[in-house]
Amino acid sequence: MTQHTDVVVIGGGQSGLAAGYHLRRLGLDFVVLDAQATPGGAWQHTWDSLRLFSPAAYSSLPGRLMPPQADETYPDAAHVVAYLTDYEQRYDLPVHRPVRVTGVHRDGELLRVESDAGTWQARAVVSATGTWSRPFLPAVPGRTEFRGRQLHTVEYRGPKDFTGERVVVVGGGNSGAQIAADLAYDADLTWVTLREPRYLADDIDGRALFDHASARRRALDEGRTANGGVASLGDIVAVPPVRAARDAGFLKAQPMFDRITPTGVTWADGMTAEADAIIWCTGFRPALAHLAPLGVRGPRGHIPTDGTRAVAEPRLHLLGYGDWTGPASATLIGVGRPAREAARAIADLLR
Ligand code: FAD
């Protein structure tokens with residue numbers, strides 16, 4: 001049986017909920033389809049010690065401030081899950097789960113959304129499926145020969161799984177730095193980064209990143225020369241555990257190795273590091289396979305957008321994923337504005 005609605009939002013993480021909040025305010029009829037069995041999006045699957053890089057109030061979706069977490073300036077992932085769970089109940093967002101969307105198709109005037117739990121016809125679609133389900137691992141010679149454990153950020157849970165082991169952590173972003181800091185005390189750690197780690201100043205956290213992204217956004221809106229984006233400030237927010245491990249001298253990074261052997265990694269100059277495990281903190285790609293039937297994909301796997309709207313399909317909006325759908329749109333506080341713009345554009349389209 002096919003169900004009908006004005007808008008289908010695909011993905012019930014923070015981006016999908018922010019879209020839902022604004023669609024509700026505009027009085028549109030919509031559903032949110034989420035593949036997870038429970039609320040919280042990707043935050044349900046992160047490692048135990050992960051800390052947000054901003055205080056709670058600076059990690060809020062539209063309409064409702066995230067409450068502070070007792071005794072923690074930087075909340076953990078469980079706190080975010082609790083916040084998102086409360087958020088969707090508070091605004092009575094119509095989230096259906098678990099529902100995995102398998103394909104979005106053009107169907108005359110409508111878009112047809114097919115899923116493992118039935119079909120919806122809608123006048124517009126918001127895709128907010130995140131990146132967590134598409135971990136990225138770089139091609140490095142010898143990777144398949146390694147006899148130890150290899151895992152990606154998405155599979156890391158905590159240091160107790162590596163006590164006393166020789167562990168190579170690859171990646172100079174926040175995940176790499178936080179996981180390296182997490183392992184520094186219990187494992188024999190080798191931290192490898194593509195370039196020298198770039199810490200933000202210790203007194204800068206996600207608040208400044210957001211302010212920077214907002215200034216960039218204003219400049220772009222007004223046709224002025226924009227600042228260099230948040231990446232120009234540095235790659236790693238020195239949250240307290242990272243700062244402590246760095247200051248204790250545990251976070252000395254090695255340059256990227258050239259080859260993986262059955263028992264470790266080697267550099268061109270002959271240096272080697274034996275390893276029981278390699279943890280790849282090497283990022284993600286957007287989860288966009290469900291949009292393949294629309295044929296809207298551009299170069300580098302992205303979908304060309306004008307704001308959040310897909311250039312080749314005006315009934316489709318993309319939210320979250322990365323800066324290419326709006327400055328800071330893949331953050332809790334940053335997704336509110338592009339979500340509002342997407343909802344307004346959809347309301348105009350349907351009028
Ligand atoms: P997700 O949370 O991934 O939600 C997408 C949802 O869509 C999921 O529930 C998924 O199951 C579902 N889905 C996927 N495919 C389908 C499909 N085909 N059909 C139906 N449902 C589907 N941001 C901050 O603001 N502060 C931080 O401190 C911060 N730290 C971070 C640390 C790490 C390690 C990472 C990886 C990210 C961090 N971020 C942080 C960035 C960002 O907030 C998260 O990536 C966030 O989870 C993105 O939200 P989302 O809703 O776009 O995607």
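Bear in mind the structure is a predicted one, so any value in this text is a computation, not a measurement. Numbering of ligands and ligand atoms starts at 1, following listing order.
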Under 4.0 Å, heavy-atom basis, I'd like to know which part of [X] is in contact with ligand 1: side chain, backbone, both or neither.
{"X": "Asn174", "answer": "neither"}
{"X": "Ala128", "answer": "backbone"}
{"X": "Ser175", "answer": "side chain"}
{"X": "Thr46", "answer": "neither"}
{"X": "Trp47", "answer": "side chain"}

With a 4.0 Å cut-off, strictly under, does atom 35 (C) of ligand 1 pick up any protein heavy atom?
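For atom 35 (C) of ligand 1 the answer is no, since every protein heavy atom stays at 4.0 Å or beyond.
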Can you tell which of Phe136, Tyr321, Trp132 makes a ring-ring contact (aromatic ring centres under 6.0 Å, His included) with Phe284?
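When Phe136, Tyr321, Trp132 are each tested with Phe284, the ring-ring contact (aromatic ring centres under 6.0 Å, His included) holds only for Trp132.
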Are [X] and [Y] close enough for a salt bridge, meaning some N to O gap below 4.0 Å?
{"X": "Arg259", "Y": "Glu145", "result": "yes"}
{"X": "Glu341", "Y": "Arg309", "result": "no"}
{"X": "Asp86", "Y": "Arg64", "result": "yes"}

Check whether the ring centres of His302 and Trp324 lie less than 6.0 Å apart, and answer yes or no.
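Between Trp324 and His302, which both carry aromatic rings, the centre distance is below 6.0 Å.
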Quick one: does Phe284 get within less than 4.0 Å of ligand 1, heavy atoms only?
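It does, in that a heavy atom of Phe284 comes within the 4.0 Å cut-off of ligand 1.
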Is ligand 1 less than 4.0 angstrom away from at least one heavy atom of Val99?
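Flag set, Val99 near ligand 1.
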Starting from [atom], find the nearest protein heavy-atom neighbour and note its residue, name and distance.
{"atom": "atom 2 (O) of ligand 1", "result": "Ala42 N, 2.9 Å"}
{"atom": "atom 48 (C) of ligand 1", "result": "Gln14 NE2, 3.5 Å"}
{"atom": "atom 17 (C) of ligand 1", "result": "Val101 N, 3.7 Å"}

Do Leu332 and Val81 share a hydrophobic cluster, counting only Ile, Leu, Val, Met, Phe, Trp and Tyr and linking them when any side-chain heavy atoms are less than 4.5 Å apart?
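Yes, it is one cluster - the side chains of Leu332 and Val81 are joined through contacts under 4.5 Å.
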Going hydrophobic residue to hydrophobic residue with side-chain gaps under 4.5 angstrom, can you get from Leu189 over to Phe257?
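Result: no, two separate clusters.
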Taking the six-membered ring of Phe30 as reference, does the cationic atom of Arg24 (NZ for Lys, CZ for Arg) lie under 6.0 Å from its centre and within 45° of its axis?
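Pair Arg24/Phe30 does not count as cation-pi.
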